[in-house]
Amino acid sequence: MRAHAEVTVEPFIEGRQGPHVQEIIKAFAPLKPDIGPFGTSIEGGLEEVISLTNQGIQAAMAAGATRVVVNMTVTP
């Protein structure tokens, strides 16, 4: 199975990526994340996407995130 996960990390800091956003990007690095203005996404195997998303959420929260919104889509 394949998966696509997109995360939005708050608080939003206009004009730069705060440390909480940088942590998600670092966690997603093995799957070459797509970094957008309001969210970061990855695609890959289901288990890897779930694992990296979990790691990213934990790291972002430890770095000051107050909210992380995850949208995940799974395809056979």
Side-chain angles (χ1 to χ4, degrees):
M1 287 192 133
R2 303 280 300 164
H4 176 271
E6 181 176 0
V7 297
T8 302
V9 183
E10 295 179 10
F12 178 73
I13 302 171
E14 190 170 345
R16 69 181 182 91
Q17 299 167 340
H20 50 296
V21 175
Q22 292 172 11
E23 290 298 323
I24 284 281
I25 293 168
K26 280 195 278 186
F28 283 4
L31 292 179
K32 298 184 176 138
D34 179 16
I35 304 164
F38 299 106
T40 301
S41 63
I42 53 172
E43 286 191 42
L46 178 60
E47 295 301 322
E48 186 173 23
V49 169
I50 289 172
S51 177
L52 293 177
T53 301
N54 181 42
Q55 291 171 34
I57 291 168
Q58 290 181 29
M61 291 294 185
T66 56
R67 183 176 187 208
V68 177
V69 178
V70 178
N71 182 2
M72 186 173 293
T73 305
V74 177
T75 55

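All heavy atoms count here, side chains included; hydrogens, waters and symmetry mates do not.
- Residues Met61 and Val70 share a hydrophobic cluster, clusters being chains of Ile/Leu/Val/Met/Phe/Trp/Tyr side chains in contact below 4.5 Å.
- Of all the heavy atoms in Ala65 and Pro11, the pair that sits closest is CA-CD, 4.3 Å.
- In the hydrophobic clustering of ILVMFWY residues, with side-chain heavy atoms under 4.5 Å counting as a link, Val68 and Phe38 come out apart.
- Pro76 is not listed as a side-chain neighbour of Arg2, based on a closest heavy-atom distance of 4.5 Å or more.
- Residues Val49 and Leu31 form a side-chain contact, since some pair of their non-hydrogen atoms from C-beta on lies under 4.5 Å apart.
- The shortest non-hydrogen separation linking Thr53 to Ala5 is OG1-CB, 3.8 Å.
- Applying the side chain to side chain donor-acceptor pair (under 3.5 Å) test to residues at least two apart or on different chains, the pairs with a partner in residues 55-76 are Ser51-Gln55, Asn54-Gln58.
- Under the side-chain contact (heavy atoms from CB on, under 4.5 Å) criterion, Ile50 pairs with Leu46, Met72, sequence neighbours left out.
- Residue Ile25 holds its CD1 atom at 10.5 Å from CG of Asp34, rounded to the nearest 0.5 Å.
- Once rounded to the nearest 0.5 Å, the distance linking CZ of Phe28 with CD of Glu43 reads 12.0 Å.
- Distance check: Ile57 CD1 to Glu23 CD gives 13.5 Å after rounding to the nearest 0.5 Å.
- Annotation: the span from Ile42 atom CD1 to Ile35 atom CD1 amounts to 11.5 Å, rounded to 0.5 Å.
- Contact between Leu52 and Ala27 at its shortest, heavy atoms only, is CD2-O, 3.3 Å.
- Connection of Ile24 to Ile13 is not established within any shared hydrophobic cluster, with ILVMFWY side chains joined at heavy-atom distances below 4.5 Å, either directly or through further cluster members.
- Under the 3.5 Å distance criterion, the side-chain polar atoms of Gln22 are matched with a main-chain donor or acceptor of Gln17.
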